[in-house]
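Accompanying notes for the structure given below.
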Amino acid sequence: MITFDQRGCGGSRPLASDADADLSTNTTGHVIGDIERLRRLFGIESWLVLGGSWGSTLGLAYAQQHPDRVSELVLFSVVTTTGREVQWVTRDMGRVFPRQWARFVGAVPAHLRDGDLAYAYSVLLHDPDPRVRFDAAKAWCEWEDTHVGVTGFVHDRRFDDPVFRLGFARLATHYWSHAAWLGDNELRDGMNRVRGIAGALVTGTADVSAPADIAWGLAQRWPRARLHIVDGAGHGAGEASISAIVRDTIDGFGSRW
């Protein structure tokens with residue numbers, strides 16, 4: 001099993017939370033290149049690629065660029081990070097959580113509230129004033145806690161660390177405000193590149209952060225994928241039912257080794 005910290009976070013340096021962080025070389029394309037370098041470093045001919053939430057976008061983008069290096073592809077809490085999906089999470093979901101969204105949008109200066117909220121937050125998160133950055137990161141992560149916790153709110157304790165919180169918010173807004181540097185529906189339209197790869201898509205009916213129609217739409221274009229829509233499950237691998245299906249799926253693929 002190979003896991004890694006993407007650019008700007010975890011053990012990777014420099015951190016996105018650094019005051020002078022330059023994210024210009026932190027894009028989907030750069031991270032796909034990093035994954036390929038890791039594969040070559042460890043001498044792996046092909047591997048099962050697993051990704052959840054943002055990782056499902058990254059895993060699918062990687063597989064479409066390097067299908068000959070992917071033996072199986074398992075994606076959960078599936079998103080493709082389109083502009084429409086970003087708008088859903090940052091703006092339209094205010095219909096689900098009106099009180100919390102009012103606080104979320106209220107943290108943005110009035111002249112930026114009607115535009116791209118991910119971009120507006122990115123501006124605040126890179127403000128020269130550390131207090132502005134602190135407040136913006138706190139507001140962004142409070143909204144994150146809200147929309148991923150629809151089946152039972154659980155505070156992500158990593159957000160208690162102001163360094164982690166700032167880095168997380170900067171990376172999320174950086175990628176979201178650019179729609180992950182992917183063309184509109186690029187991943188959906190590129191599913192023919194992974195048609196020969198066996199895989200699974202796992203999502204939950206109560207996942208408002210990653211609505212089930214995203215995985216459903218990909219499955220219609222991916223004949224070798226098994227689609228699992230789990231009743232009542234929310235977002236992330238913390239959902240026991242989703243974790244069990246992902247684990248069983250990987251075990252099933254692994255039986256041939």
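Keep in mind that what you see is a predicted model, and the values were worked out from it rather than measured. No hydrogens, no waters, no symmetry mates; every other heavy atom, side chains included, goes into these values.
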(request) For Trp222 and Ala198, indicate whether the former's side chain and the latter's backbone hold a donor-acceptor pair under 3.5 Å. (result) no
(request) Answer whether the closest heavy-atom distance between the side chains of Pro211 and Trp88 falls below 4.5 Å. (result) yes
Under 3.5 Å, which donor-acceptor pairs link side chains of residues 116-126 to any protein atom two or more places apart or in another chain?
unit_1: Asp116; atom_1: OD1; unit_2: Ala118; atom_2: N; d: 2.9
unit_1: Asp116; atom_1: OD1; unit_2: Tyr119; atom_2: N; d: 3.2
unit_1: Tyr121; atom_1: OH; unit_2: Phe104; atom_2: O; d: 2.6
unit_1: His126; atom_1: ND1; unit_2: Ser122; atom_2: O; d: 2.9

(request) May I ask you to decide if Trp216's main-chain N or O and Gln220's side chain share a donor-acceptor pair within less than 3.5 Å? (result) yes
(request) Determine, step by step, whether Thr57 and Leu182 satisfy the side chain to side chain contact (heavy atoms under 4.5 Å, CB included) criterion, reporting the C-alpha distance in whole Å, the side-chain angles of both residues, the deciding distance to 0.1 Å, and the verdict. (result) CA-CA 10 Å; Thr57 295; Leu182 298 168; 3.9 Å; yes
(request) Indicate, with yes or no, if Leu171 and Leu15 share a hydrophobic cluster defined by side-chain heavy-atom contacts under 4.5 Å among Ile, Leu, Val, Met, Phe, Trp and Tyr. (result) no
(request) For Arg40, look at atom CZ and say whether over 12 heavy atoms of other residues, nucleotides or ligands are found less than 6.0 Å away. (result) yes
(request) Determine the minimum heavy-atom distance between Phe4 and Ile35, stating which atoms define it. (result) CZ-CG1, 3.5 Å
(message) Distance check, rounded to the nearest 0.5 Å: Thr80 atom OG1 versus Leu218 atom CG?
(response) 6.5 Å
(message) Treating Glu186 as the side-chain partner and Gly183 as the backbone partner, does any N or O pair qualify as donor plus acceptor under 3.5 Å?
(response) yes
(request) Would you verify whether the NZ or CZ of Arg226 falls within 45 degrees of the ring axis of Phe253 while also being under 6.0 Å from that six-membered ring's centre? (result) yes
(message) Test side chain to side chain contact (heavy atoms under 4.5 Å, CB included) on Ile32 and Arg37; report intermediate values, then the result.
(response) CA-CA 9 Å; Ile32 288 174; Arg37 277 187 284 275; over 6 Å; no
(request) Group every Ile, Leu, Val, Met, Phe, Trp and Tyr by side-chain heavy-atom contacts under 4.5 Å, then state whether Trp47 and Val194 land in the same group. (result) yes
(request) Report yes or no: do Phe159 and Val163 belong to one cluster of Ile/Leu/Val/Met/Phe/Trp/Tyr joined by side chain heavy-atom distances under 4.5 Å? (result) no
(message) Would you say that Met93 contacts Trp101 through its side chain, given a criterion of any heavy-atom pair below 4.5 Å between the two side chains?
(response) no
(request) Drop me the distance from Asp207's CG to Ser77's OG, to the nearest 0.5 angstrom. (result) 5.0 Å
(request) For the pair Asp129 and Arg131, find out whether any cationic side-chain nitrogen is under 4.0 Å from an anionic carboxylate oxygen. (result) no
(request) Could you tell me whether the side chain of Arg113 and the main chain of Val108 form a donor-acceptor pair under 3.5 Å? (result) yes
(request) Keeping the roles fixed (side chain from Asn185, backbone from Arg188), state whether a donor-acceptor pair exists under 3.5 Å. (result) no
(message) Minimum heavy-atom separation for Arg170 and Ala21, please, with both atom names.
(response) NH1-CB, 3.9 Å
(message) Applying the salt bridge (Lys or Arg N to Asp or Glu O under 4.0 Å) criterion to Arg158, which one of Asp156, Asp161, Asp160 satisfies it?
(response) Asp156
(message) Please report whether the ring centroid of Trp176 lies less than 6.0 Å from that of Trp140.
(response) yes
(request) Would you give the length of the straight line joining atom CH2 of Trp143 to atom NE2 of His147, rounded to the nearest 0.5 angstrom? (result) 7.0 Å
(request) Measure the shortest side-chain to side-chain distance between Leu58 and Thr81 over non-hydrogen atoms and say whether it is less than 4.5 angstrom. (result) no
(request) Considering non-hydrogen atoms only, spot the tightest contact between Thr28 and Ala180 and give its length. (result) OG1-O, 2.8 Å
(message) Within this structure, what is the CG-CZ distance for the pair Leu73 and Arg224, rounded to the nearest 0.5 Å?
(response) 11.5 Å
(request) State whether Arg39 and Asp34 are salt-bridged, where the test is any N-O pair (Lys NZ or Arg NE/NH1/NH2 against Asp/Glu carboxylate O) under 4.0 Å. (result) no
(message) Test your reading of the model: is there a side-chain donor-acceptor pair from Gln87 to the backbone of Gly83, 3.5 Å cut-off?
(response) no
(message) Would Arg157 and Phe164 count as a cation-pi pair here, with the cationic atom under 6.0 angstrom from the ring centre and within 45° of the axis?
(response) no
(message) I'd like to know whether Ile250 forms a side chain to side chain contact (heavy atoms under 4.5 Å, CB included) with Val246, so could you lay out the CA-CA distance, the side-chain angles of the two residues, the decisive distance to 0.1 Å, and finally the verdict.
(response) CA-CA 6 Å; Ile250 293 175; Val246 169; 4.0 Å; yes
(request) Ignoring hydrogens and angles, tell me if any N or O in the side chain of Thr203 forms a donor-acceptor pair with the backbone of Val78 under 3.5 Å. (result) no
(message) For the CE atom of Met191 and the CD atom of Gln64, what is their distance to the nearest 0.5 Å?
(response) 6.0 Å
(request) Determine whether more than 12 heavy atoms belonging to other residues, nucleotides or ligands lie under 6.0 Å from atom CG of Asp92. (result) yes
(request) Answer yes if the ring centres of Trp181 and His174 are under 6.0 angstrom apart, and no otherwise. (result) yes
(message) Salt bridge or not between Asp18 and Arg13? Use side-chain N to carboxylate O under 4.0 Å.
(response) no
(message) Can you give me the closest heavy-atom contact between Val79 and Trp54, atom names plus distance?
(response) CG2-N, 4.1 Å
(request) Calculate, to the nearest 0.5 Å, the distance between atoms CG and CD1 belonging to Leu75 and Ile214 respectively. (result) 12.0 Å
(message) Strictly distance-based, threshold 3.5 Å: is any side-chain N or O of Asn26 a donor or acceptor partner for the main-chain N or O of Arg7?
(response) yes
(message) Using a 6.0 Å cut-off, check whether atom CZ of Arg195 has over 12 heavy atoms from anything other than its own residue.
(response) no
(message) On a heavy-atom basis, which atom in Val89 and which in Ser209 lie closest, and how many Å separate them?
(response) CG2-O, 3.7 Å
(request) Return yes if a side-chain donor-acceptor contact under 3.5 Å exists between Thr27 and His178, otherwise no. (result) no
(message) Looking at every non-hydrogen atom in both residues, tell me the closest pair between Cys141 and Phe168 and how far apart they are.
(response) SG-CD2, 3.9 Å
(request) Test side chain to side chain contact (heavy atoms under 4.5 Å, CB included) on Arg69 and Tyr62 and set out the steps. (result) CA-CA 9 Å; Arg69 301 304 181 186; Tyr62 172 81; 3.7 Å; yes
(request) Answer yes if the side chains of Gln6 and Ser12 hold a donor-acceptor pair under 3.5 Å, and no otherwise. (result) no
(message) Applying a strict under-4.5 Å side-chain criterion to I, L, V, M, F, W and Y, I'd like to know whether Leu166 and Phe134 cluster together.
(response) no
(message) For a 4.5 angstrom cut-off between non-hydrogen side-chain atoms, does Glu142 reach Asp145?
(response) no
